[in-house]
Amino acid sequence: MTDRRDIPYRFEPTATAAQLHAAHGDLAAGESSGVQATVAGRLMLRRVQGRLCFGTIDDASGVRIQLFAPAAATPDYEEFCGLSIGDWVGASGEVMKTRRGELSVQVGDWRLLAEARRPFPDKWHGMADTDTRYRQRYVDLWVSPGTREAFEIRSAAVAAIRAELAARGFTEVETPMLHPIPGGAAARPFVTHHNALDCDFYLRVAPELYLKRLIVGGLTHVFELGRIFRNEGLSPRHSPEFTMLELYQAYADYTDMMVLIEELSAAAATAATGGTELEVGERGLDLAPRWRRATMAEVVSEFIGRDLPVTGEPDSPAAADLRREADRLEVATEAGWSAGRILAEIYERRVESEIWDPTFVCDFPVEVSPLARRHRHSDGLAERFEAVAAGRELANAFTELADPDEQRSRFAAQEHRRRGGDSEAMTTDEDYLRALAYGLPPTGGLGLGIDRLVMLLCGTETIRDVVLFPTLRPTAGGGEP
RNA sequence: GCCCCCGUAGCCAAGCCCGGCAAGGCAUCGGACUUUUAAUCCGCAGAUCGUGGGUUCGAAUCCCACCGGGGGCACCA
């Protein structure tokens, strides 16, 4: 005789709930299929009615299926009725529809697969406390509608991006996460220590400088899709660890990167949601190419309502003009900032969040773009853009700066800012300069925030909804008793 | 780091302004029920009201500090 409480070492379902609904959904109410099936999942609902018991299990296949257990046919019926909501159960029997037309497996045999020793949340209200949802995601995934879906969207989007890049001949690589010199982005790093080498390392803030070393090394199409770490504030749009697609393509420039971002984003949206038209909050958004291209000067001028100067030394009339606008918009500036720096500040603080439809904001001031090549036509600007949608930055890209001498002077300018108290300014990476000295061909590169893209696909306002285990302050002992 | 809001049973919650026995629902436990769909009906039990201090005859409620979360600012993508 089977001990139903004896957990088996192995269990073999023959069908998922989704498969059974697809194969037998057209059975008439009260009809039996004659087909045997074994299903397994978590018991989400249970209705005992005297000599009949109905259970609803969720097997994560997207739909639930009912277990129909008549006392006369179900072994250990009393014990079956005693199963708790949240228990994992496997059941075998004929696929049938009840008189009320609910597709079910009539339980001819069953096993307990795991006991829920802690009670599951309310079957109707679910889990409302965000703290508990994030800390106990293993419960949230079962009881909160949409949680699992968000991570399926995320998985589909990432898979689509990898497939698109493979089809274009890109090589996926993995570069160090432990960096002796933090580089590739203006951000404060996490610091850690290696005992055997007795030296500090920084968790990477960007893989950029390593990936460009690979272009020097002849890997002409490379990308890395992985976690990066920035020791900065948390917000609905910022997580200390987040996922970035970073990509470099030899012989390409930033206009090629625009096309690539459009195509990758549209492919990810289509794979994950079935189309490029999305709903974010109350508003619609379409990721289909072709996205708007506008210069930073244009979008800021539009916002303010008149043409603005773009470049100028700190003491120029252009800088004074922009400073007046910044003051009027209550954007703080510092003495010694060039016109471009002020323009970029106004853009970041006031304009970016107002841009809704997907837009490439192009031609950043060169002084805020230390790794981007100077614009081929416009003095004082760099061939750099950010992709913006729904008021949020999605991606950052440029035509890469390849000249080692100019790169050295750009690093020097960053060092100067660092000495001035800017803790996010870059430090000089001598080995990177050496790599450039071996020759970096014309190259386009991009960094695309995967979490931000998935947020658009899910229509959510908070990054924690697309991160399985968001960073939270640890609790004593790692959890409640 | 600063500002605002929140924290009541395993879960969802009322009560808090205006101090006076801590509602209700789900889950659990016991009972009834042979086609349920958040099953229904009857009954039992379950609460250091986030933690600590203060005011008061009396504090979930008012005050202070701390812990945790959310939002905003700052910083950034």
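Heavy-atom basis, side chains included; hydrogens, waters and symmetry copies ignored. Throughout, protein chains are lettered first and strands after them, A, B, ... in sequence-line order, and every chain is numbered starting at 1.
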Hey, can you tell me if A:Trp88 and A:Trp142 have their rings parallel, tilted or perpendicular (30° and 60° cut-offs)?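 A:Trp88 and A:Trp142: perpendicular rings.
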A:Phe385 and A:Phe360 aromatic ring geometry - parallel, tilted or perpendicular at 30°/60° bounds: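 Plane angle over 60°, so perpendicular.
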Describe the nucleic acid contact of [X] in one word from base, sugar-phosphate, nothing, applying a heavy-atom distance below 4.0 Å.
X        : result
A:Gly126 : sugar-phosphate
A:Tyr134 : sugar-phosphate
A:Asp129 : sugar-phosphate
A:Gln66  : base
A:Val48  : base
A:Arg349 : sugar-phosphate
A:Leu45  : sugar-phosphate
A:Ser144 : nothing
A:Arg46  : sugar-phosphate
A:Ile228 : nothing
A:Ala186 : sugar-phosphate
A:Arg392 : nothing

Over how many whole Å does the gap from [X] atom [atom1] to [N] atom [atom2] extend?
X        : N      : atom1 : atom2 : value
A:Trp142 : B:rC11 : CH2   : P     : 20 Å
A:Met44  : B:rA39 : CE    : C1'   : 17 Å
A:Tyr138 : B:rG10 : OH    : C1'   : 13 Å
A:Arg133 : B:rG7  : CZ    : C1'   : 17 Å

Options [options], nucleotide nearest the side-chain atoms of [X]:
X        : options                : value
A:Thr98  : B:rG70, B:rU37, B:rC12 : B:rU37
A:Pro236 : B:rA77, B:rC12, B:rG71 : B:rG71
A:Phe54  : B:rU34, B:rA38, B:rU35 : B:rU35
A:Glu102 : B:rG68, B:rU37, B:rU35 : B:rU37
A:Ala128 : B:rU28, B:rU34, B:rC12 : B:rC12
A:Ile85  : B:rA27, B:rA77, B:rC12 : B:rA27
A:Arg135 : B:rG10, B:rC26, B:rG69 : B:rG69
A:Arg47  : B:rU37, B:rG72, B:rA77 : B:rU37

Does any residue of residues 327-339 of chain A have a heavy atom under 4.0 Å from RNA chain B, and if so, which ones, in number order?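 Residues of residues 327-339 of chain A under 4.0 Å from RNA chain B: none.
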In whole Å, what separates the P atom of B:rC63 from that of B:rC6? 11 Å
Can you see if the side chain of [X] gets near the phosphate of [N] - specifically, an N or O under 4.0 Å from OP1 or OP2?
X        : N      : answer
A:Arg464 : B:rG70 : yes
A:Arg473 : B:rC66 : no
A:Lys123 : B:rA38 : no

Over 12 non-hydrogen atoms of neighbours within 6.0 angstrom of CZ in A:Arg341: yes
Polar pair under 3.5 Å, donor/acceptor by atom type, side chain A:Asp122, base B:rG25: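 Yes, the side chain and the base share a sub-3.5 Å donor-acceptor pair.
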Indicate whether the side chain of A:Glu400 and that of A:Thr443 have a donor and an acceptor atom separated by less than 3.5 Å.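 The criterion, which ignores hydrogens and geometry beyond distance, is not satisfied for A:Thr443 and A:Glu400.
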Looking at A:Trp337, does the NZ or CZ of A:Arg323 lie under 6.0 angstrom from its six-membered ring centre and within 45 degrees of the ring axis? no
Between the CG atom in A:Leu453 and the CG atom in A:Leu394, the distance rounded to the nearest 0.5 Å is 6.0 Å
State whether the aromatic ring of A:Phe242 stacks on the base of B:rA77, taking stacking to mean ring centres under 5.5 Å apart and ring planes under 30° to each other.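 A stacking contact exists, since A:Phe242 sits close and nearly parallel to the base ring of B:rA77.
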Under the ring pair (Phe, Tyr, Trp, His ring centres under 6.0 Å) test, residues paired with A:Phe68 that sit two or more places apart: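 Ring pair (Phe, Tyr, Trp, His ring centres under 6.0 Å) check on A:Phe68 returns A:Phe54.
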When you match A:His125 and A:Met244 each to their closest nucleotide on RNA chain B, which lands nearer the 5' end?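 So the residue in question is A:His125.
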A:Phe151 backbone acceptor or donor facing A:Ser155 side chain under 3.5 Å: no
In plain terms, say whether A:Glu348 and A:Arg350 are close enough for a salt bridge, that is, a side-chain N and a carboxylate O under 4.0 Å apart.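 No.
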